[in-house]
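These notes are about the structure you will find just below.
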Amino acid sequence: MAKAAHFDDIQAPGEAKKKQRQAPPKKKGMERVLDAIERVGNKVPHPAVIFVALIALVMVLSHLFYRLGASVTYETINPDTHQLEETTTAAKSLLTGEGLRFMFAGVVQHFMDFNAVGVIIVAMLGVGVADAAGLVGALIRKLVAVAPARALTYILVFVGILSSIAADAGYLVLIPLAAAAYLTVGRHPLAGLAASFAGVAAVFTVNILIKPLDGILTEITNDAIHIMAPERSIDLTANFWFSVASVVMLTLVVSLISDKLIEPRLGEYKGEKPATTGAKLSPEESRGLKFAFWGLVGVLVFFGLLALPPGAPLRNPETGALVGDSPFMNGLIVAITVLFLVTGAAYGVGAGTLKNSVDVIKAMEKAVAGLGGLIFLLFIISQFIALFTYTNMATLAAVKVGDALEHAGLGALPLLVGFVLVVAVLDLIMTGAIPKWAIFAPVFVPLLMRLNVDPEAVLAAYRVGDGPFNAISPLNAYFALIVTFAQKYQKDAGVGTVVALMLPYVVVVFAIWIALLVAWQVLGLPWGLG
C-alpha cells in the first residue's frame, strides 16, 4: 500500500505539469476586455429584435421632441443646385396622424428604397456563379501560391482600401474572399474577414484613385468656400497627397493590428477546413483559369467600348465625364456582376464544373436563396432607417452639436480636431457622408478659413472623422452582412463578435489618423495636387 501511495505521489506532479502545458495561455487585459464585449454583445437578442425595439424607442422619442417643439435653423448646401439655403428642421412625430400614415403606407417603399438590398442581390448573381464554378477557390489558391505568406494581410487590406472606387463591391466580394483566403493557408478566417472589413469600411473615405464620392464632396466644399471667397475653389485632387499617405500608413496599421492582436486572440481555427488547403491547381483548374482570363478580357473590351471613347454611352451625357456622376460609375455594381458572371461561367466551361446554361442559372438561384435570412434582417433595418430619418432627430443632433463646437471658442487646431470628433460620433447614427457634409461644410469651412485653415484641411478632417466608425456603426447597411459572413465560420457569431473584432481597428486607426492630420497641418504639408 505504501508503495502504491508513493507511486501515485510520483505520478501526480507529472500529470499536473502535462495538464499545465496543455492549458491555454492566460489572456491579457485587452483580450479579456474584448472577450467580455463579445460575450455581452452576443447575449443581446437577435439583431432584428434589436431594431424592432429601436423603432419603438424612436417612436417615443420622436413624439417627445415633437411635443417639446424641438427645431433648428441652419444654412446648408443643396447638392443639386449648389445654393446655400437657410433651412428650418423640426422634430416630426411618428405617433401623429401623418407619422402613422407614413409608417403604414410606406413599408414596401422603404424596403424598395434601401439600396443595399438591390446591390447585394445583383452582386450575388455574378459572385454565385463564380463561386459555384470553383473560380473563387482557384483564384484564392493562385493568390496564395503567388503572394508571399507574410504579405497576404497587407495585400488584402490594401485592396480593401482601394475597393472604395467600386463603392460597395468591397463589402460584397472582397471580405468573404479574404476570409476564404485565410482559411486556405490554415489561418483563422475571421482574422481575414476583420482585416478586410477594416480596410473596406474604416478607411472608406480615402483612396489613391479618384472615386465617385470625391466629386460630390468637392462640389459641396467649393459651395461652402464661395460663402467667404467666391474666387477660390478646390479640385478633385485637393486631398491627393494626404489620401496617399493615409492609404500607405493605414494599410500598415490595419495589417499590424490584424497580425499582432486580432489573430492571436482568435487562436487556432477549429472549424471545418477545405480539403484543397495547400493543394496545387489541377490541369482542369488551370485550363479553367485560362478560360476565365479570356472572359475577363472580353468583359473589359466590352465595357471599354461603352465607356472610354468620347461620347460613349456610359459617360455623362452632358459633361462627358467618366468619373463622378456618370452612368458607368452609377452602375458599377452591374459591371462587377457581369465580370464575375462571365469569368465564372468561362471558368466552369474550361474546368468542366458547369456543363450548360441550366447549371449557371441554378448557381444564381442558389446564391439568392442563401440570402433569405439577410434580406429579412435588411427589411427590418430599412424600416428603422426610414423612420429615424423621417423624425429629423439625426439632423437636430448634428446641428446642435455643430453649433456647440462652433461657439466653443477653440483655437484653429483644437477646433479642427474637435470637428473630427463630432463627425465621428455622429457617424454612429448618421452614416451618409454626403448629408453630414452638406450640413457641416457651410459652417466649418468658412469658420476655419477665418482662422487661416485651408479648406483642403477641413475636407481632410471630415474624411478622418467619417471613416473609422463605419466598422462598428449598427446603421452601416452592410454590418448585418458581415455578421452573416462571420456565422459561416463561427455558428454562434453575433453582433458582439464583430464589434469585438473591429473595436481595436476603430480605436487605433482613429487615434493614428488624427495624429497624421495634426502633423500634416502643423508641418504645412501640401494636401493635394496643384
Side-chain angles (χ1 to χ4, degrees), residues 33-34 37-38 41 47 50-51 54 116 157 160-161 163-164 167-168 170-171 175 193-207 213 217 243 246-247 249-251 253-254 257-258 261-262 381 384-385 388-389 393-395 397-398 400-402 405 416-440 444 458-483 486 495-518:
V33 170
L34 294 175
I37 291 173
E38 180 176 358
I50 295 174
F51 277 98
L54 288 175
V157 172
I161 295 174
S163 71
S164 62
D168 301 328
Y171 290 101
I175 293 173
L193 178 146
S196 57
F197 185 28
V200 172
V203 199
F204 182 81
T205 53
V206 292
N207 206 308
L213 179 64
L217 295 182
S243 292
S246 297
V247 169
M249 182 191 73
L250 296 179
T251 297
V253 169
V254 170
I257 294 172
S258 185
L261 178 61
I262 302 301
I381 294 175
F384 170 76
I385 291 177
F388 186 61
T389 302
M393 289 195 295
T395 302
K400 288 292 186 181
V401 175
L405 183 61
L416 193 66
V417 174
F419 173 61
V420 173
L421 297 174
V422 166
V423 173
V425 171
L426 289 173
D427 191 50
L428 291 171
I429 62 171
M430 193 177 186
T431 57
I434 296 171
K436 286 200 301 293
W437 190 226
I439 293 173
F440 286 141
F444 288 100
V458 188
L459 179 56
Y462 182 73
R463 294 181 190 274
V464 174
D466 194 52
F469 282 79
N470 288 327
I472 58 171
S473 172
L475 297 191
N476 181 340
Y478 295 100
F479 189 87
L481 179 66
I482 305 305
V483 175
V495 173
T497 303
V498 177
V499 170
L501 281 174
M502 303 313 300
L503 196 57
Y505 295 109
V506 172
V507 173
V508 177
V509 166
F510 191 48
I512 291 180
W513 209 354
I514 290 178
L516 178 66
L517 177 76
V518 171

[atom2] on [Y] to [atom1] on [X], rounded to 0.5 Å:
| X | Y | atom1 | atom2 | result |
| --- | --- | --- | --- | --- |
| Leu516 | Met249 | CG | CE | 4.5 Å |
| Ser243 | Arg463 | OG | CZ | 5.0 Å |
| Ser473 | Tyr478 | OG | OH | 14.0 Å |
| Leu193 | Ser258 | CG | OG | 10.0 Å |
| Leu217 | Lys436 | CG | NZ | 10.0 Å |
| Phe197 | Leu501 | CZ | CG | 10.0 Å |

Find out whether [X] and [Y] are in side-chain contact, i.e. whether some heavy atom of one side chain is under 4.5 Å from a heavy atom of the other.
| X | Y | value |
| --- | --- | --- |
| Phe440 | Val422 | yes |
| Ile161 | Val254 | no |
| Val509 | Val253 | yes |
| Leu475 | Phe384 | yes |
| Val200 | Ser164 | no |

Legend entry - Plane angle bin for Phe419 and Phe444 - parallel if under 30°, tilted between 30 and 60°, otherwise perpendicular: tilted
Inset, instruction - Using distance alone, with no hydrogens and no angle criterion, decide if Thr205 and Asp466 have a side-chain donor and acceptor under 3.5 Å apart. - result: no
Inset, instruction - Decide side-chain contact (heavy atoms from CB on, under 4.5 Å) for Val495 and Phe479; before the verdict, give the C-alpha distance in whole Å, the side-chain angles of both, and the deciding distance to 0.1 Å. - result: CA-CA 9 Å; Val495 173; Phe479 189 87; 4.0 Å; yes
Inset, instruction - Measure across Ile175 and Ser196 and return the closest heavy-atom pair with its distance rounded to 0.1 Å. - result: CA-OG, 3.5 Å
Legend entry - Minimum heavy-atom distance between Trp513 and Gly467, given as atom pair plus value: CZ3-CA, 4.5 Å
Inset, instruction - Measure centre to centre between the rings of Phe510 and Phe469, then say whether the value is under 6.0 Å. - result: yes
Inset, instruction - Could you tell me whether a side-chain N or O of Tyr505 sits under 3.5 Å from a main-chain N or O of Ile257, the two making a donor and an acceptor? - result: no
Inset, instruction - Kindly say whether Asn470 contributes a backbone atom to a donor-acceptor pair with the side chain of Asn476 at under 3.5 angstrom? - result: yes
